[in-house]
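Input: a single structure, listed below in structure tokens.
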Amino acid sequence: MESELDAKETSSSSKKKVKGTVYITEDRCKGCSFCVVFCPTGALAMGGRLNHKGYHLPELANPEKCNGCDMCGLFCPDFAIFGVRLKKKETKENA
Amino acid sequence: MESELDAKETSSSSKKKVKGTVYITEDRCKGCSFCVVFCPTGALAMGGRLNHKGYHLPELANPEKCNGCDMCGLFCPDFAIFGVRLKKKETKENA
Amino acid sequence: MSGTPQNPVEKLLRTERMPHIWCPGCGIGTSVNCFARALEQANIDYKNLHVVSGIGCSGRVAGYVNVDSFHTTHGRAIPFATGLAMARPEAKVVVYSGDGDLFAIGGNHLIHAARRNIDMTVICVNNFTYGMTGGQVTPTTPYSAKASTMPYGNFEDTFNLPNLVDACGAVFVARWTIYHVRQLTRSMTKALNTPGFSFIEVLSPCPTLYQRRNKLGDGVMMVQYFKERSTIENGANTADVALGFQGDIVVGEFVERERPTFIQNYNTRMEQVLGDAFVPYEGVK
Amino acid sequence: MSGTPQNPVEKLLRTERMPHIWCPGCGIGTSVNCFARALEQANIDYKNLHVVSGIGCSGRVAGYVNVDSFHTTHGRAIPFATGLAMARPEAKVVVYSGDGDLFAIGGNHLIHAARRNIDMTVICVNNFTYGMTGGQVTPTTPYSAKASTMPYGNFEDTFNLPNLVDACGAVFVARWTIYHVRQLTRSMTKALNTPGFSFIEVLSPCPTLYQRRNKLGDGVMMVQYFKERSTIENGANTADVALGFQGDIVVGEFVERERPTFIQNYNTRMEQVLGDAFVPYEGVK
Amino acid sequence: MSKKDIRICGLGGQGVIMGGMIIGKSASIYEDRYATLVQSFGPEARGSECSAQVMVSDEPIAFPYIRKSDVFVALSQGAYEKFVHELKDDSVLVYESELVALDDRVPAGAKRFGIPGTRIAEEDIGRRIVFNMVMLGFLASVTDIVELEAMRRAVSSSVPPGTEKFNLEAFDKGYAYGLEKIAS
Amino acid sequence: MSKKDIRICGLGGQGVIMGGMIIGKSASIYEDRYATLVQSFGPEARGSECSAQVMVSDEPIAFPYIRKSDVFVALSQGAYEKFVHELKDDSVLVYESELVALDDRVPAGAKRFGIPGTRIAEEDIGRRIVFNMVMLGFLASVTDIVELEAMRRAVSSSVPPGTEKFNLEAFDKGYAYGLEKIAS
Amino acid sequence: MKADPKAVNTGTHFIDGNEACAEGAIAAGCRFVAGYPITPSTEVVEHISRRFPRLGGLFIQMEDEIASSICFQGAIWGGLKAMTVTSGPGLSLMMEHVGLAAITETPSVFVDVQRAGPSTGLPTLPAQQDIMQARWGSHGDYEVIALAPNSPQECFDHAITAFNLAEQYRCPVFFMMDECIGHMLGKVKIPAADQIEVVARKFTSRPAGEFEPFRIYDGDQPEMVRAGMGHAIHTTGLTHDERGYPAMNPQTQDTLIRRLRNKILDHTDEISIYEADQIDGSDVTIVAYGVTARVAEYAVHLARKEGLKVGLLRLTTLWPFNDRLIREVADNTKSFIVAEMNLGQMVHEVERASRSKIPVHLLDHAGGGIIEPETFVKKIKEVVR
Amino acid sequence: MKADPKAVNTGTHFIDGNEACAEGAIAAGCRFVAGYPITPSTEVVEHISRRFPRLGGLFIQMEDEIASSICFQGAIWGGLKAMTVTSGPGLSLMMEHVGLAAITETPSVFVDVQRAGPSTGLPTLPAQQDIMQARWGSHGDYEVIALAPNSPQECFDHAITAFNLAEQYRCPVFFMMDECIGHMLGKVKIPAADQIEVVARKFTSRPAGEFEPFRIYDGDQPEMVRAGMGHAIHTTGLTHDERGYPAMNPQTQDTLIRRLRNKILDHTDEISIYEADQIDGSDVTIVAYGVTARVAEYAVHLARKEGLKVGLLRLTTLWPFNDRLIREVADNTKSFIVAEMNLGQMVHEVERASRSKIPVHLLDHAGGGIIEPETFVKKIKEVVR
Ligand SMILES: Cc1ncc(C[n+]2csc(CCOP(=O)(O)OP(=O)(O)O)c2C)c(N)n1
Ligand SMILES: Cc1ncc(C[n+]2csc(CCOP(=O)(O)OP(=O)(O)O)c2C)c(N)n1
Ligand code: SF4
Ligand code: SF4
Ligand code: SF4
Ligand code: SF4
Ligand code: SF4
Ligand code: SF4
Ligand SMILES: [Mg+2]
Ligand SMILES: [Mg+2]
């Protein structure tokens with residue numbers, strides 16, 4: 001079963017075409033991939049890079065898909081990632 | 001409200017005209033009068049006699065009314081009284 | 001006198017300890033009468049009947065019944081009884097104690113024993129107060145009633161005992177008052193014959209403390225109140241049977257459900273997983 | 001970097017203590033995210049927010065939130081929080097702890113705080129096990145699941161947490177899984193804004209112990225199970241929301257009721273009885 | 001130094017402790033002397049024997065337990081049986097004359113004052129509950145433990161507000177009965 | 001008296017304790033000598049550093065804590081950093097060559113034996129989990145702590161029933177790698 | 001600081017020790033009590049429950065003693081002065097939280113009105129059997145303060161002392177009454193509020209961010225703080241550093257545990273309250289506390305009348321045990337009789353502290369009643385011979 | 001009686017102290033365990049929960065330690081041999097039921113695997129800080145037996161001893177492991193069942209009606225009985241007479257409490273297990289127990305290599321404390337060093353019992369790790385000088 005809210009979130013983003021990006025605190029990440037799996041737009045992917053503890057890090061594999069909904073931030077058990085909406089035309093400096 | 005069982009007991013006894021009597025262990029009685037008040041036939045009354053602890057004792061004031069239902073025995077918190085049915089024609093020796 | 005008939009409760013009593021310490025008009029003894037009759041009706045072999053109490057006036061029951069009986073610590077009758085029931089699966093273990101003992105300090109053990117469906121019958125004498133220590137408030141003291149630690153009237157809400165025990169899965173839940181001696185006896189009989197965790201709440205007068213402080217008269221007056229304001233509603237939804245100060249009382253047998261007992265669950269599961277390697281649990285042999 | 005936006009959870013964290021000790025894929029941290037967002041939404045002044053935990057992995061939450069926070073003893077977060085709430089009626093007191101802490105050893109305090117309607121929000125991270133001590137059985141471990149002290153699979157029945165808390169009178173009762181981050185956040189917000197005893201059960205993965213022992217995969221797999229088998233049923237009868245091993249899960253906001261809080265009850269009653277002689281209770285002044 | 005050791009004993013419900021408390025209050029509050037009170041009960045909540053040991057003195061009292069009593073107030077036969085041995089030749093024995101039957105264990109020199117306190121309370125005041133006040137008044141008249149006025153003030157300040165009048169009335173009845181007794 | 005003090009240290013999940021246990025078992029059960037094992041962990045349930053102190057001796061061992069190690073098995077860089085100081089001039093250092101980089105803190109006289117154990121486990125056996133068996137086999141070949149046969153029996157009796165084969169396979173791979181190393 | 005005049009029941013009273021203890025606590029500023037009824041202590045909380053609604057205080061009867069013994073600590077960290085009250089069986093249940101109070105340095109008062117044990121024992125009858133339990137009953141190493149009053153007046157006076165010591169030393173303070181003292185009525189003079197010295201809680205004035213709740217800035221104790229002051233404090237029962245954060249290593253343990261011990265033991269002399277009477281040159285000195293000290297006083301009086309040279313050392317402070325005092329007394333008397341209503345508890349300390357310079361005799365009692373003065377005198381004669 | 005061959009894991013093992021303790025309990029006939037998980041003791045019950053289903057035993061994980069500590073007593077009165085297992089915080093919660101076991105003379109084994117406290121302290125790290133708690137932690141007067149094993153082998157051997165002593169003396173027996181010993185693996189030889197002496201419970205053979213469960217018929221202990229034998233027994237935590245009925249008066253109290261004490265203290269010598277090594281003529285004798293005794297052994301070995309005359313007294317039985325032994329050792333050595341992983345607990349007893357004949361030094365440790373052998377040697381040198 002899909003939960004109600006979840007569905008809503010996805011559709012709303014697709015309607016409005018909001019843009020967003022994520023910030024990652026790499027040393028906190030433990031590579032659980034919650035962010036990747038539960039990103040409603042599929043913007044993230046687990047990357048090949050490891051952090052200092054040897055955990056695989058997620059990366060914004062499809063930046064154009066990210067709507068800044070912060071589901072990744074809500075899901076991340078390690079407070080290592082979060083998403084933000086970008087103001088129109090804004091570009092992200094530190095991907 | 002009257003409870004169901006209670007009513008039944010009383011009526012059954014009146015139908016069959018069963019006879020009964022009570023036994024009292026006087027030194028245990030604390031004179032609470034549960035037996036008197038909750039005897040369904042009104043056979044008992046608090047008497048004038050006191051036991052060694054100074055408590056008033058119940059007595060079988062209306063022996064003819066007693067049907068031996070043992071409600072007094074069930075109610076007595078001090079295990080000081082109980083009722084028994086008398087076999088037909090039986091008389092009670094130690095009232 | 002060999003010809004003299006015997007009070008059925010007599011056989012159950014440690015008669016050398018009579019008279020007991022309970023006050024005139026206290027209802028605890030009345031419940032014991034019902035218990036004695038229920039034992040007869042349920043055909044319980046006294047040798048295999050064990051009574052466990054905590055501390056309190058009601059907790060003194062264990063000291064007056066002439067069976068293997070254990071007066072434990074305040075609130076801990078149930079875990080003691082759990083161990084005893086584990087050692088003696090063929091015995092009937094009865095926990096006889098007060099509202100404070102079972103639901104204040106002992107609340108956790110009660111809900112867990114119910115959850116585990118330990119094979120025991122819990123008889124809770126609810127006199128709305130801590131009798132033994134002089135009439136303090138309990139989780140069952142009705143709103144506004146006075147208690148020695150609630151001199152201006154109780155402002156806490158109460159537990160609805162049947163509902164709480166029901167929520168934990170007890171297989172049999174009943175409530176009676178000591179006015180309902182016959183019904184109480186019948187429910188006790190049923191509980192004794194029901195494997196698993198059964199629970200009976202018995203509303204009982206405490207003339208010396210609860211009633212005196214609340215100007216509710218003597219034992220008889222309380223039982224009369226029980227009589228007048230009780231309605232029997234077998235199968236009532238336990239959520240609806242909460243009590244108020246001198247208000248209406250719903251009594252009856254509220255819950256009957258079937259669940260394997262703790263030991264049955266254990267044996268079934270281990271048998272399943274371990275097969276022949278498992279030595280079925282039988283307690284003391 | 002002044003321009004970099006901040007994760008809303010950051011403000012709540014004792015960042016100098018990061019990374020935390022929780023395992024990869026453990027859900028406790030996820031619930032803390034929701035909690036941080038709920039605090040924003042409920043407009044809680046951090047100065048008046050106090051977090052109390054017992055002992056356990058979940059019990060470590062108190063150590064990571066940058067507010068007045070108290071890591072107490074195993075099972076006793078609620079009575080500590082009760083005292084704290086009494087001293088600080090204007091504060092919001094949150095108890096954040098695990099299923100074992102709150103419902104095994106701490107069960108009695110929980111049911112009594114609910115009964116008294118102490119003004120606190122209890123967040124129970126239910127990972128079906130004792131994480132901190134290595135994966136023993138808890139009162140929430142589903143039937144047949146393995147645990148270190150249930151090597152052949154659990155044979156005990158569980159508590160239905162929402163039902164138990166409901167039976168004790170909690171004013172707000174909800175259950176979500178950590179898949180339901182938005183809904184959980186919303187329920188937390190509601191709980192924080194509801195005076196009285198509110199309770200939220202959060203089902204959460206414990207990949208290291210519960211899942212490993214039961215071959216249930218990693219954190220993601222558990223959350224995926226939560227996603228697939230959950231149905232939202234706000235207002236569901238709590239008696240119907242019991243959980244089985246990897247079975248269907250009913251989530252939602254089950255109970256909302258109005259009851260005066262403990263302190264309200266106290267002030268009302270004393271005012272009534274003592275009139276002007278009563279000095280209304282305000283905690284620390 | 002004037003020191004009096006007083007034993008009051010009877011059944012629960014007779015107001016034994018309250019009686020002792022009023023004596024103690026009289027001395028320590030209204031006469032600014034010293035007093036102690038030690039109480040004991042049986043295990044029953046009700047109906048068990050109940051005893052108060054009161055000491056009144058001009059000086060602080062180290063040891064509050066009675067070895068021999070100067071005054072013994074016996075309110076039940078059981079009480080009498082239990083503590084008659086504490087009496088000395090110069091003790092005063094005060095007793096409820098309808099509840100206690102004396103025998104030859106009372107030392108010859110001891111003074112004895114009996115009063116049907118229960119009946120007086122019931123018949124003259126109409127309240128069994130003031131029995132202890134009757135006894136106190138009686139005690140005040142036949143002994144000199146504390147001043148009459150101190151005792152009356154202690155009664156007033158010890159009973160529930162609104163009941164001062166009939167309690168004092170009972171006290172005075174007992175006092176009067178005592179004066180008569182002494183006179184006779 | 002022949003006594004060997006062995007430190008094994010690595011990260012949780014590398015099978016450190018199990019490794020130590022197999023050595024201890026080999027000595028105490030299959031050689032009827034003596035062994036002790038003391039373990040320590042960080043506060044985290046997972047991913048923290050994990051160390052085993054193993055002692056093997058012909059006689060009972062009073063004090064099971066290592067002051068200087070005869071053999072140090074370093075399975076992570078952190079482990080190496082933490083315990084390299086325990087090495088003596090005649091110690092043996094066994095290390096996971098792809099996880100640990102040595103430096104000049106290793107005493108000149110100490111023997112060093114590196115093996116890419118993780119890769120061997122993954123590539124040759126296809127199971128990362130047998131990493132510790134590879135290391136044990138390697139250890140067995142480059143040291144003489146316990147007899148080879150005792151160690152192999154301890155492996156068999158320590159792993160879950162049904163997994164003996166590939167565990168021993170891994171062990172033997174490590175052993176063979178060690179023989180090569182020594183030969184070279 | 002002085003007591004609050006609105007709360008102090010100034011005047012002369014004839015009350016029992018339990019009520020006097022409650023009044024003392026109120027005078028000391030206690031405004032929160034969490035308790036659970038148990039004979040013979042219940043009158044303390046009963047009295048509190050009558051008084052508090054008029055004083056802005058709150059009594060809560062918790063579900064058990066475990067809850068009580070941590071609930072009041074919650075209130076203390078919320079900023080209130082608070083206590084819990086119990087007797088033996090309840091005290092046993094509180095043991096885990098004595099350790100919590102010790103390690104979190106919570107200024108906490110535990111009132112124990114002692115009855116005879118072990119277990120349920122004799123619930124209505126006296127003993128002094130919880131003395132060692134107060135010192136050693138919780139797991140781990142820690143120190144406590146314990147006082148034993150010996151009259152209703154002292155129940156009032158030293159209840160205040162107990163609260164004051166708790167604030168000064170930030171540790172569990174036991175107020176060890178016994179059933180005799182708790183239930184004995186006596187004259188109690190309650191002074192005017194401005195005559196009552198109360199130690200106010202020393203809340204830090206350091207700003208948030210510059211304050212660590214378990215750091216010593218000056219003096220021997222860290223500064224206190226309460227929830228809601230904006231410091232985002234953290235307390236834990238785990239071994240912790242000066243910020244209060246868990247630091248799970250032997251070094252932190254060593255620093256913390258030794259500090260917790262020394263902050264009390266270094267002040268044994270200041271904490272120690274006792275009365276010494278005619279000890280110098282005595283043939284025997286009685287050591288006693290609580291009700292037994294009253295009996296001792298009487299027995300000593302009887303013995304002296306017979307010409308015996310008997311000294312009396314009454315201990316009000318039981319813990320920390322004053323080794324120095326005992327050693328000094330041992331230099332000035334010929335023997336000790338330690339009298340206690342137990343089978344020998346404090347006598348172990350007297351034996352240890354006196355270093356066997358002189359014989360130490362025990363006059364014990366299994367509980368359920370006082371030591372009779374006659375027994376006492378007999379023992380004195382035996383020892384003096 | 002001999003152990004049950006079906007249950008004994010005869011052979012040579014390399015296991016930790018916790019597992020060895022579990023195996024010892026099983027060999028001793030324990031078939032019921034009620035426990036609650038707590039580090040570092042949990043492996044004991046984990047092992048039990050794996051083993052019992054094959055042995056007809058039952059492990060129940062109770063809701064807390066309070067429940068565990070009385071549940072197993074219920075099982076014992078039902079006729080089983082049983083134990084409970086915990087660590088410091090749990091032990092604190094069990095205190096009320098230690099007193100119950102003492103007064104009801106329940107043959108009960110409490111296993112405590114010690115970690116560093118107070119309070120939550122250092123849950124995974126060792127200490128020996130519960131020594132005095134085991135003796136004094138419950139209210140009231142009572143005596144206990146306590147053993148401290150110092151190796152996995154002793155965990156096996158003395159778990160059996162603990163059960164045997166419980167049956168012989170019908171009192172609470174504490175099995176005081178420490179985290180080091182509990183988690184240390186070592187060689188454990190488990191003998192054949194017929195080599196293991198097990199004290200069977202001495203059930204009365206007296207017929208119902210002629211048996212009083214707390215009367216001494218012969219020997220020092222009343223005869224045991226179990227529920228279901230038809231005796232209609234009664235037990236209570238109240239002071240009771242020989243029938244087990246409450247008798248609330250000082251006389252009964254005196255008889256009961258003194259008997260409960262003496263039945264143990266009169267047998268101190270039999271209960272006392274210790275090892276004395278090269279004490280006579282030594283300059284200093286180390287007193288140690290548990291893991292510290294292992295460290296001591298090593299330190300003594302180092303010190304002797306340097307030519308120092310050092311004796312070693314290892315106590316396995318901690319309670320009842322063997323005063324006589326200490327006095328005798330004091331006659332044959334010049335000084336004591338008591339080494340323990342606490343800030344000084346047993347040292348009080350050594351000071352007291354040695355009657356200051358010779359100096360008593362303390363080598364303490366706040367917990368969280370062992371005393372380093374180097375520190376030990378340094379201390380020895382300091383003392384010997
Ligand atoms: C640990 C502990 N705490 C408190 C007590 C004191 N105590 C004895 S009985 C009792 C209350 C009993 O109340 P309840 O169970 O309702 O029984 P009742 O006397 O009303 O029948 C209390 C608080 C105790 N004995 N032990
Ligand atoms: C009195 C006491 N008993 C036992 C423990 C050991 N203990 C610590 S945490 C814990 C269980 C925690 O389980 P839960 O509350 O579910 O938290 P989780 O770790 O699963 O988040 C236990 C039993 C303790 N610290 N104190
Ligand atoms: S903010 Fe996070 S969850 Fe949302 S779309 Fe971007 S990457 Fe996905
Ligand atoms: S959810 Fe967090 S911890 Fe997990 S992979 Fe993503 S960033 Fe890393
Ligand atoms: S047996 Fe008792 S209750 Fe029944 S009728 Fe006779 S007197 Fe009444
Ligand atoms: S019910 Fe029993 S105790 Fe009460 S008056 Fe009747 S016989 Fe006496
Ligand atoms: S105090 Fe109340 S409950 Fe106790 S015996 Fe008396 S009436 Fe019954
Ligand atoms: S053990 Fe389980 S609950 Fe604890 S941190 Fe790890 S995953 Fe989370
Ligand atoms: Mg009650
Ligand atoms: Mg959990």
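Protein chains get the first letters and strands the later ones, always in sequence-line order, with residue 1 at the start of each.
- To the nearest 0.5 angstrom, G:His13 atom NE2 is 7.0 Å from E:Ile29 atom CD1.
- Put simply, CD1 on E:Ile61 and NZ on G:Lys187 are 9.5 Å apart, with the number rounded to the nearest 0.5 Å.
- Both the backbone and the side chain of E:Met21 come within less than 4.5 Å of a heavy atom of chain G.
- No side-chain heavy atom of G:Met184 sits under 4.5 Å from any side-chain heavy atom of E:Leu37.
- Within residues 64-82 of chain E, the residues approaching chain G closer than 4.5 Å by heavy atoms are, in numerical order, E:Pro64, E:Tyr65, E:Arg67.
- More than 12 heavy atoms of other residues, nucleotides or ligands lie within 6.0 Å of CG in G:Leu308, so this atom counts as buried by the packing criterion.
- Only the side chain of G:Glu374 comes within less than 4.5 Å of a heavy atom of chain E; its backbone N, CA, C and O stay farther away.
- Distance OG/E:Ser158 to CZ/G:Phe14: 10.0 Å, rounded to 0.5 Å.
- Listed by chain and number, the residues in a side chain to side chain contact (heavy atoms under 4.5 Å, CB included) with E:Asp90 are E:Lys88 (sequence neighbours excluded).
- Residue pairs satisfying the salt bridge (charged side-chain N to carboxylate O under 4.0 Å, His left out) criterion with at least one member in residues 7-25 of chain G, sequence neighbours excluded, are listed as follows: G:Glu23-G:Arg51.
- Applying the side chain to side chain contact (heavy atoms under 4.5 Å, CB included) rule to G:Thr86 yields the partners G:Ile38, G:Glu65, G:Leu91, G:Met94; only residues at least two apart in sequence or on another chain are considered.
- Taking the side chain as every heavy atom from C-beta outward, E:Asp32 and G:Lys189 approach each other to under 4.5 Å.
- Distance CD/G:Glu372 to CZ/E:Phe63: 6.0 Å, rounded to 0.5 Å.
- With respect to chain G, the highest number of heavy-atom pairs below 4.5 Å among E:Ala154, E:Ser40, E:Gly24 belongs to E:Gly24.
- To the nearest 0.5 angstrom, G:Leu185 atom CG is 6.0 Å from E:Gln39 atom CD.
- Residue E:Lys111 qualifies as open at atom NZ: its count of foreign heavy atoms under 6.0 Å is 12 or below.
- G:Ile15 does not touch chain E: none of its heavy atoms, backbone or side chain, sits under 4.5 Å away.
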